[in-house]
Amino acid sequence: MFRPVSSKPDLVAGEHEILALWRERRTFARLRAQNAGNPRWSFLDGPITANNPMGVHHAWGRAYKDLFQRFHAMLGQDQRYQNGFDCQGLWVEVNVERDLGFTNKRDIEDYGIAAFVSLCKQRVLTYAARQTEQSIRLGMWMDWNDPNELRRLRDLLAENPAQTVTTTSTDGQPVTDTAEMIVGRLGLPETGGSYFTFSNENNYLIWSFLAECHRRGWLYKGHDSMPWCARCGTGISQHEMTEGYADREDPGLTVKLPLLDRPGEALLVWTTTPWTLTSNVAAAVGPELRYVKVQQGDETFWLGRGTLKHALAGDFKVVEEHPGSELAGWRYSGPFDNLPAVQAAFAGAGLGGADYEHQVVLWDEVGEEEGTGIVHIAPGCGAEDFALGKSLGLPMIAPLDENGIVIPGFGPYSGRDVRDVMEPIVECLKHEHRFYRLETITHRYPHCWRCGTPLVFRLVDEWYISMGPVYDKPRESLTKAEVDASLRYQIMEVIGGIKWIPGFGYERELDWLLNMHDWMISKKRYWGLALPIYDCTACGTVTVVGGREDLASRAIEGWDQFEGHTPHRPYVDAVKIACSNCGAPVSRIRDVGNPWLDAGIVPFSTVHYRSDPEYWSRWFPADFVTESFPGQFRNWFYSLLAMSTVLRREAPFKTLFGYALVFGADGRQMHKSWGNAIEFDEAAERMGVDVMRWMFANARPEDNILFGWHAADEARRRLLVLWNVYSFFVTYARLAGWEPKRGIVAEIREVGSRPDAEAWPALDRWILSRVAGLAAEVKEDLAEYDGLDAARAIDRFVEELSTWYLRRSRDRMRPSADPIDREQAFATLHAALVALSRILAPILPFLSESIYQNLIVSVDPSLPDSVHLTRWPDEELSDLRDPGLESSMAVVTRVVDLVRTLRGQAGIKVRQPLARMWIALPDADLVERDELLALAADEVNVKSIELIGDESELVDRRVKPLLPRIGRKLGSAIPAVMSAAREGRFEILPDGSVTLGGVTLAPDEVEIQATPRPGTAVAHDEGLVVVIDTELTPELRAEGDARELQRAIQDARKDAGVELDDEVRIRVEAPAAIRAALAPFVAAVSAETRSTIEFGEAPAHAQPIDLDSGTIRVGLMPGTVGP
RNA sequence: GGGCGACUAGCUCAGCUGGUUAGAGCGCUGCCCUGAUAAGGCAGAGGUCACUGGUUCGAGUCCAGUGUCGCCCA
């Protein structure tokens, strides 16, 4: 017997029950065992940063990941189910620093790098455990570590990393090592579970990748002016730059630069970063721009003509005008020429070894929108300045150290923080009469993406992987040698073979690759990949170590300090190797690696590329990866592609599915302070994860999703429609004591073929055909990674199941219904619901399981005990499909809509029976016409339906030319043809062809439809015409009144809270005439409403009911039944 | 400045390779159905499909340009 089901489900409580059920029955492990050894589907998880609790934006992607994994499991495919955690990098450091109250790198060094790195590992374990719990709550099936075990390892690591620990792998095997090494082995074959990018294997495999890059000459030490966060003490890579733009107020300082060869005249330059004036080298003008000499008081200035209005303060007079090109080469007196650093940089840096002098240079990029049209150039302080300086061979002056302190050689500014030097600089300029004006301006300025500090630019040594040249010609015309020399073109080749969803992803990635600068992989920090680069200070030779064994064999000192540790700072720093060229002892550079290296290597490191190539080749390349598009073009997608191209020159995945961002309900990014943020846990426990998953599946992946409580309510209501059908079924099946006897399809076959069975009703065969079609359609959608189309198809089906199948079948399931027909209805609805639960399973794992448990597991122990252990049902159901029946049924539902419209217009309630209606069908006929029309007649309460043909006086014929078919052929004749068709000027020939508007159209080029003849009260739609007979006989009126009475009794029962199967006594107070008219129907009403109907004086609480023929009062007699 | 995407009803969004009358859900109004009922149906109100131009017999759909927004790059 089915469990009773509430009509108001507690979805959240149900989800927790299902989670417990899965745990108890080890359902996921059994699914894996069931599919083991089958054809594979390889999913590669993009690692989630284990640094904070998971948010609803993570839930979107994770819902997709789980959806497609579950779907492919239902296709019987073997999978790896490995989740990934991103572990290393600045984002973890920043949080640990915040917890400790640190403000800069010196705090970390004082605290101790080993202890700091250990805290970073501990934080990762904390949040990996947390995110694991949250993901399980979301219903995500992965080879999860026990969260408590992750926390235990964290505590053991904190206590003493060297202590010996035994842990249990996810498949139950003991693994023993030191706490530190156990943590370093997480995710490897011996421990199982999620991969952690801080694992030894991940780090060492990146070493071998870097060694390979070095072998090909693509790894180099660069000197660049780069965005730099003085607080974090680190460069910000190009990848990270754009995440940190924000509006900011800065000084806008205008400075006079006296011209050496034009006494009394000065250039006006403008800067928002006064500290860079110490490092001024040149002044740039636009060669095409016009420049003017202006007189202001007793001073004479040069500036761009287009800047006069905003750059000058006060009255002025224009004296001369020249194109910028004529200013080139003018020498001027720099703002801080007496600083030792400036003198040192200029000495011997000019042409032919002479000292360099400040001068005007030409630059196409100069504009007049802001400033003076003359740009202050400090190549050591800005990216564009650096590029210009490099191309012109200008000297470079770099004033800052890594903490943003001005280095020695800058006089009074040395030793001061860059943020504190503006005032003394302005003071000095005033004192030197070089100050013109200081304003405050607001502009977009880059900030550190982690800590929000405004960035500065400084010249630094960093390590890069070369992307290779950009050739100034089309890709098709590149030679093999040119491509071989350029990683970027190799990647472009590789991505051509990838399926990008949505398609524009390919264009974006190509654009990114074409514009990609060399990949900066170093970071001057503590927690991360230890870059295995050994840069010999004696001879300049660079050695890149390719792995732990390589390091061991080269080590000449410090190995004993490193032994037993994971390859992280500070222990790995102790090892020195002999320079491969000069033999001098060389230390590792202190930098750690860019975290995208960590995530990019996972197509290799997580599938045992080095230790088990056979295993690796079975899972590489992945069939599918999915992540949020914004950002990942330049991050994970890029690093995956770059690393795989270097190692294999092939794509690491076949299909990439991208989706957009989760925003708050107001369309803005979620922020706690804006009140539009929803935490994952809150969402899960308030709306339920299936509701969330339904919202996610119904979102267009390429558009941002607006996530809020209202949208969740809407999604929930859709699911409630399904729940209502399910709960109706269970309620009545229990009432009837009905149970399925053998399987799903077998059941309906058996019932349908019994000798005593009437023909299997068309309505039943229709819904079975629909669900079979749905199975096929959703399979096709999900195979194409189209969750949206799948969800829409399901939604349409649920709608039809509820508002047509169930609505039309309710009476059949009542206790009073014909037993054979009732059994057919139960078997059909049961089969449809079970099939639907299986189709829903990937999207709504909990709701579908809940339905399946009750409809199958509670009654048939021989079948799989979880919906997720069943196979996709399309093949099983395929021979139930009947397209002809489906299209005929679609006509019938349109008939019903039209009748409702007509009844509304005529003011005749559906409760009032009508004698007749007439229908003209658009096409020749319906399949199983009589049975289908009976459905319509019953639904709209009409006693008989007559079909009418062309000859009827009720309809005219109309011709609808089929434009897609004739458009091309007819061309400009179309307007005439269409207006002839509209106005009825046509002739239908005996063979079915039609002449109109001067042409003859073949029978298959037109559709001949019925249309109401003017003046008749009919409704029509696409050639379907419906007419109702509005004449009401006394008999019909009485019957309508009887239905009204039935309604009133049911209302009274409901008001009294009477149970469905309770018998009640009803007292009806009515005039004699009405009583007589109702008499023939009393028995039927009485049976239908389970009541004994007495006429007489109604109880005081009885409700008055307006009938067509007068008013009656209907009441439930007290004391009969009820709560 | 360059690339990609979006712009359709008050709100959230569908509209396939162009086909003549642009749809749904939510919200609003009226009516109806109803022992699934905090659901459902019918009808109504609500749209210059961002704008301009082009291609075409025909453009929400294709092309070009403009504007606004978002993301990316410089």
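When reading the values below, keep in mind they use all heavy atoms of this one structure, side chains included, and skip hydrogens, waters and symmetry mates. Letters go in sequence order (proteins before strands), and every chain restarts at 1.
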Just how far is it from atom CG of A/L962 to atom CD1 of A/I966, taken to the nearest 0.5 Å?
7.5 Å
Nucleotide of B/C26, B/C57, B/G3 approaching A/D511 most closely (side-chain heavy atoms)
B/G3
Taking any heavy-atom pair under 4.0 Å as a contact, classify A/F729: base, sugar-phosphate, or nothing.
nothing
Sticking with atom C1', work out how far B/G19 lies from B/G70, rounded to a whole angstrom.
34 Å
Student check: side-chain heavy atoms of A/L763 and A/R812 closer than 4.5 Å:
yes
Give every residue pair that meets the salt bridge (charged side-chain N to carboxylate O under 4.0 Å, His left out) criterion with at least one member in residues 701-715 of chain A, sequence neighbours excluded.
A/R700-A/E702, A/R700-A/D703
Report the distance from atom CG of A/L514 to atom P of B/C72, rounded to the nearest whole Å.
19 Å
I'd like the P distance from B/G5 over to B/G65, given in whole Å.
13 Å
Here's a test of your reading of the structure: between A/Q1046 and A/L970, which maps to the more 5' nucleotide of RNA chain B?
A/Q1046
How many whole angstroms separate atom CG of A/L661 from atom C1' of B/C69?
14 Å
Sugar-phosphate only, base, or nothing, as touched by A/R903 at under 4.0 Å among non-hydrogen atoms:
nothing
Taking the same atom, P, in B/C11 and in B/G27, what whole-Å distance lies between them?
16 Å
Separation of A/L829 atom CG from B/A36 atom P, in whole Å?
13 Å
Which whole-number value in Å describes the distance from A/F504 CZ to B/G3 P?
16 Å
Is the A/Y638 to A/W519 ring centre distance short of 6.0 Å?
yes
Which nucleotide in the list B/U12, B/A36, B/C33 gets nearest to the side chain of A/L706?
B/U12
Convert the base pairs of RNA chain B into dot-bracket notation, remembering that pairs crossing earlier ones are written with [ ] and that bases paired across to another strand are shown as |; include only Watson-Crick or G-U pairs under 3.5 Å.
(((((((..((((.....[...)))).(((((.......))))).....(((((..]....)))))))))))).
Classify A/S7 by what it touches in the nucleic acid, base, sugar-phosphate, or nothing, heavy-atom distance under 4.0 Å.
sugar-phosphate
What does A/L962 touch in the nucleic acid at a heavy-atom separation under 4.0 angstrom: a base, only the sugar-phosphate, or nothing?
nothing
Using the P atom as the reference point in each nucleotide, state the distance between B/A39 and B/C63 in Å, no decimals.
44 Å
What integer number of Å spans the P atoms of B/U48 and B/G10?
8 Å
Please write out the pairs of protein N or O atoms and N or O atoms of nucleotides 39-41 of chain B separated by less than 3.5 Å, giving the distance to one decimal.
residue : atom : partner : partner atom : Å
B/G41   : OP1  : A/E799  : OE2          : 3.3
B/G41   : O2'  : A/R900  : NE           : 3.2
B/G41   : O2'  : A/R900  : NH1          : 2.9

Measure CE/A/M516 against C1'/B/C72 and give the value in whole Å, please.
14 Å
State which residues pass side-chain hydrogen bond (donor to acceptor under 3.5 Å, both in side chains) with A/S1091; sequence neighbours excluded, sorted by chain then number.
A/T1089
Residues in side-chain contact (heavy atoms from CB on, under 4.5 Å) contact with A/R734, at least two apart in sequence or another chain:
A/M1, A/F2, A/P4, A/V730
Say we look at B/C49 and B/G23: how far apart would their C1' atoms be, to the nearest angstrom?
12 Å
Would A/F707 and A/F696 count as a close aromatic pair, with their ring centres under 6.0 Å?
yes
Can you establish whether the number of heavy atoms outside A/E507 located under 6.0 Å from its atom CD is more than 12?
yes
Please give, in whole Å, the distance from B/C72 C1' to A/L513 CG?
13 Å
Quick one: label A/Q1050 by what it contacts on the DNA or RNA (base, sugar-phosphate, nothing), any heavy atom closer than 4.0 Å.
base
Short N-O contact, A/E1005 and A/K960, less than 4.0 angstrom:
no
If you measure from the P atom in B/G3 to the same atom in B/U66, how many Å do you get, rounded?
10 Å
Nearest-Å distance for atom pair CZ/P, residues A/R508 and B/G2:
17 Å
Tell me which nucleotide among B/C32, B/G70, B/A38 gets nearest to the side chain of A/V910.
B/C32
What interatomic distance, in whole Å, is found between P of B/G67 and the corresponding atom of B/C26?
39 Å
Checking A/R808, A/R807, A/R814 against A/D811 for salt bridge (Lys or Arg N to Asp or Glu O under 4.0 Å), the one that qualifies is A/R814
Where the side chain of A/N515 is concerned, which of B/C13, B/G3, B/C73 is the nearest nucleotide?
B/C73
Between atom CZ in A/R812 and atom P in B/A36, what is the gap in whole Å?
16 Å
Applying a 4.0 Å non-hydrogen cut-off, can you work out what A/R796 is touching in the nucleic acid: base, sugar-phosphate, or nothing?
nothing
Considering residues at least two apart in sequence or located in another chain, which fulfil the side-chain hydrogen bond (donor to acceptor under 3.5 Å, both in side chains) criterion with A/E799?
A/R718
Note: for A/G505 and A/H710 on RNA chain B, the residue whose nearest nucleotide lies more 5' is A/G505
Could you tell me whether A/R911 and A/E1039 make a salt bridge, using a distance below 4.0 angstrom between a side-chain N and a carboxylate O?
no
